[in-house]
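Please read all numbers here as calculations on a predicted model, not as lab measurements.
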Amino acid sequence: MLFILIPLGKMQITTVSGKRSRKDFLATARFIYQDDKNWICPLDQDIENIFDNNKNPFFQHGKCTRWLLQDDNGNYIGRIAAFINDKKAYQYEQPTGGMGFFECINDKGAAFLLFDTAKSWLQEQGMKAMDGPINFGENDSFWGLLVEGFTQPSYGMNYHHPYYHSFFTDYGFKTEYQQITNHLAVRNPFPERFTKIANWVANKPGYTFEHFSKKNAAKYVADLMEVYNDAWKDFENFVPIKKETLEESFEKMQTIMDEKLIWFAYINGEPTSFVVIIPDANQMIKGFNGKLGLIEKLKFVYRRWKGVNRMRAIVMGTKSAYQKHGLESALFIKLKEYVLPMNQYDELELSWVGDFNDKMLSIHQATGATFGKRHLTMRKIF
């Protein structure tokens, strides 16, 4: 894309307010990526639900606003959102808000005006720094700046133009951590050592493995919450996940969920480890341009029935007391026992793992997974 220069005085920032501007917020992204064949437009409803205080539980302990940027001809050339999660904002050295859903033409002046707008609003709310680009929600969706691996994104994963990185660094954002996504070729056999350990663990007395069941959803949601909150409790700035949040997440997954891609490990009946994997819905919504009308719904149902060839591992976790028991290896074996006979899936995307999580990255390496993408969570201190 060509580098565009626009006089700052001729650009105008407006707050998103009302039906028309909400549509323009969505349309701006379509304009920015209109010539990028790798970009897959998120569903409009997925984006709008994030900014709906009746549908996003983060509004119960936070606030959010967003803006649009126009050039002197009235064309929308950028957008941004800023938000505060009160549960996390005050856990850092300085009160820290968030910014995200940033999209912009290749013009530094335009990008900086958007950053300044988010910064000013956050400062007015008492914040002294902002993280971005992140989501006003859980970090399994729309989180991080893509800087490596500019291929088609899986469902919920951020995709950006390569030139965005210089906007962030030139504005003064510093990398807090890297988010690593690895890819696993499903049809390739696991390394011999991995398989040996996995089979040994799977056959140990008292060790049992179950896949998710919608009929017993309440049980598995409770088990996942128990494991997740124990597995992550020692990580900096961790906030325990709530049952309501998990229930909502599983509700959102209903239309694409395959129960036998979500596995749990138990030791003498105690939930100890889990992995949540979903078919890649982006392969189902490709070409929809964010819409989900009758035609798109029919296409979605057909593609869901026909099957897609990529899965995405959203999250894994193992209780701290059992993190050296090889449970993750056994879960992958159980998964493969189901997936291989289907002769459908070619790739499992393991997304994403922070560069601070050595244990999980080691598990990825042990499976034979290869590097796929790199996102950055960045911070600007005011």
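Residues K128 and T96 form no side-chain contact, since every pair of their non-hydrogen atoms from C-beta on lies 4.5 Å or further apart. I314 has its side chain within reach of M253: a pair of non-hydrogen atoms, C-beta onward, lies under 4.5 Å apart. Two residues are said to be in side-chain contact when any heavy atoms from C-beta on lie closer than 4.5 Å; E124 and L122 fail this criterion. The side-chain heavy atoms of F274 and F212, taken from C-beta on, include no pair separated by under 4.5 Å. Between T14 and S21, the closest side-chain pair of non-hydrogen atoms is not below 4.5 Å. In this structure, W67 and R79 have side chains that are not in contact, with every pair of non-hydrogen atoms separated by 4.5 Å or more. H375 places none of its side-chain heavy atoms less than 4.5 Å from the side chain of L145. No side-chain heavy atom of F173 sits under 4.5 Å from any side-chain heavy atom of T169.
A donor and an acceptor atom, one from each side chain of S351 and T181, are nowhere located under 3.5 Å apart. Q152 and Y159 share no side-chain donor-acceptor pair at under 3.5 Å. Between the side chains of H61 and N85, a donor-acceptor pair is found at a separation under 3.5 Å. For N182 and H364, the side-chain atoms include at least one donor-acceptor pair closer than 3.5 Å. Of the N and O atoms on the side chains of Q283 and N309, at least one donor lies less than 3.5 Å from an acceptor on the other residue. No side-chain N or O of T377 forms a donor-acceptor pair with one of E176 less than 3.5 Å apart. The closest side-chain donor-acceptor pair between E349 and H183 falls under 3.5 angstrom.
The closest donor-acceptor contact from the side chain of Q254 to the backbone of K214 lies at 3.5 Å or more, if one exists at all. Proximity of a side-chain donor or acceptor of N56 to a complementary backbone N or O of D52 within less than 3.5 Å is not detected. With hydrogens and angles ignored, the 3.5 Å screen pairs a side-chain donor or acceptor of N357 with a backbone N or O of M360. Remark: side-chain polar atoms of Y207 are not paired, donor with acceptor, to backbone N or O of A330 under 3.5 angstrom. Side-chain atoms of T272 come within 3.5 Å of backbone N or O of A265 as a donor-acceptor pair. Put simply, the side chain of D131 never gets that close to the backbone of G97: no donor and acceptor are under 3.5 Å apart. Remark: the backbone N or O of F142 is not paired with any side-chain donor or acceptor of N135 at under 3.5 angstrom. Under a 3.5 Å cut-off, the side chain of E103 and the backbone N or O of T28 do not form any donor-acceptor pair. Side chain of K243 to main chain of V221: no donor-acceptor pair is present (N/O by atom type, distance under 3.5 Å, no hydrogens or angles). A distance-only check finds no donor-acceptor pair linking the side chain of T175 to the backbone of Y177 [under 3.5 Å].
Among all heavy-atom pairs drawn from N289 and C41, the shortest one is C-SG, 3.6 Å. Nearest approach of A118 to M130, heavy atoms of both residues: CB-SD, 4.3 Å.
With respect to the salt-bridge test (charged N to carboxylate O, under 4.0 angstrom), the residues R30 and D44 qualify. With respect to K319 and E270, a salt bridge is recorded, a charged nitrogen being found less than 4.0 Å from a carboxylate O. The pair D230-K233 counts as a salt bridge, with a side-chain nitrogen and a carboxylate oxygen less than 4.0 angstrom apart.
Both tests hold for R66 against F51: distance to the six-membered ring centre under 6.0 Å, angle to the ring axis within 45°. Both tests do not hold together for K108 against F167: distance to the six-membered ring centre under 6.0 Å, angle to the ring axis within 45°. Annotation: cation-pi pair K63/F83 absent, no NZ/CZ under 6.0 Å from the ring centroid and within 45° of its normal.
By the criterion of side-chain heavy atoms lying less than 4.5 angstrom apart, applied directly or through intervening Ile, Leu, Val, Met, Phe, Trp or Tyr residues, F356 is grouped together with I363 in one hydrophobic cluster. I381 and W121 fall into different hydrophobic clusters, where Ile, Leu, Val, Met, Phe, Trp and Tyr residues are linked whenever their side-chain heavy atoms come under 4.5 Å apart, directly or through other members. Hydrophobic clustering keeps V301 apart from I285 (ILVMFWY residues linked when any side-chain heavy atoms are closer than 4.5 Å, directly or through intermediates). F112 and M378 fall within the same hydrophobic cluster, defined by Ile, Leu, Val, Met, Phe, Trp and Tyr side-chain heavy atoms under 4.5 Å apart, directly or through other members. A continuous path of hydrophobic side-chain contacts links Y345 to L340 [ILVMFWY only; heavy atoms under 4.5 Å].
The OG atom of S249 sits 9.5 Å away from atom CG of L224, with the distance rounded to the nearest 0.5 Å. The CD atom of E259 sits 8.5 Å away from the NZ atom of K215 when rounded to the nearest 0.5 Å. To the nearest 0.5 Å, atom NZ of residue K260 and atom CD1 of residue I277 are 15.0 Å apart. A distance of 8.5 Å separates OG in S329 from CZ in F190, rounded to the nearest 0.5 Å. I295 CD1 to K297 NZ: the interatomic distance, rounded to the nearest 0.5 Å, is 11.5 Å. Note that CD1 of I256 and CZ of F300 are 6.5 Å apart. Values are rounded to the nearest 0.5 Å.
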- Message: Apply side chain to side chain contact (heavy atoms under 4.5 Å, CB included) to residues F115 and K380 and explain how you reach the verdict.
- Response: CA-CA 10 Å; F115 291 156; K380 165 67 176 178; over 6 Å; no
- Task: Starting from the C-alpha separation in whole Å, work towards a yes-or-no answer on side chain to side chain contact (heavy atoms under 4.5 Å, CB included) for D258 and I278.
- Result: CA-CA 7 Å; D258 182 337; I278 58 173; over 6 Å; no
- Task: Walk me through it: do M316 and V276 pass the test side chain to side chain contact (heavy atoms under 4.5 Å, CB included)?
- Result: CA-CA 6 Å; M316 295 180 65; V276 177; over 6 Å; no
- Begin with the C-alpha distance, continue with both residues' side-chain angles, and end with the deciding distance and a verdict on salt bridge (charged side-chain N to carboxylate O under 4.0 Å, His left out) for E248 and K252. CA-CA 6 Å; E248 183 185 10; K252 289 179 180 177; 3.7 Å; yes
- Worked check of side chain to side chain contact (heavy atoms under 4.5 Å, CB included) between I32 and I77: CA-CA 7 Å; I32 298 295; I77 58 173; 5.6 Å; no
- Test T318 against E328 for side-chain hydrogen bond (donor to acceptor under 3.5 Å, both in side chains), laying out the working first. CA-CA 8 Å; T318 302; E328 301 87 356; 2.6 Å; yes
- Let me see the working for Y76 and F31 under ring pair (Phe, Tyr, Trp, His ring centres under 6.0 Å), right down to the final yes or no. CA-CA 8 Å; Y76 289 104; F31 166 69; 9.7 Å; no
- Message: Under the criterion ring pair (Phe, Tyr, Trp, His ring centres under 6.0 Å), I'd like the reasoning laid out for F25 against F101: C-alpha separation, chi angles, the key distance, then a yes or no.
- Response: CA-CA 10 Å; F25 188 84; F101 302 93; 7.0 Å; no
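Between F209 and Y266, a ring centre-to-centre spacing not shorter than 6.0 Å is recorded. Aromatic ring centres of F102 and F168: separated by under 6.0 Å.
Ring geometry, F136 versus F58: the interplanar angle exceeds 60°, so the pair is classed perpendicular (tilted spans 30 to 60°). Classification of the H161-Y164 ring pair by plane angle, with boundaries at 30° and 60°, yields perpendicular.
Tested against D280, the residues R310, R304, K286, R303 include a single salt bridge (Lys or Arg N to Asp or Glu O under 4.0 Å) partner, R310.
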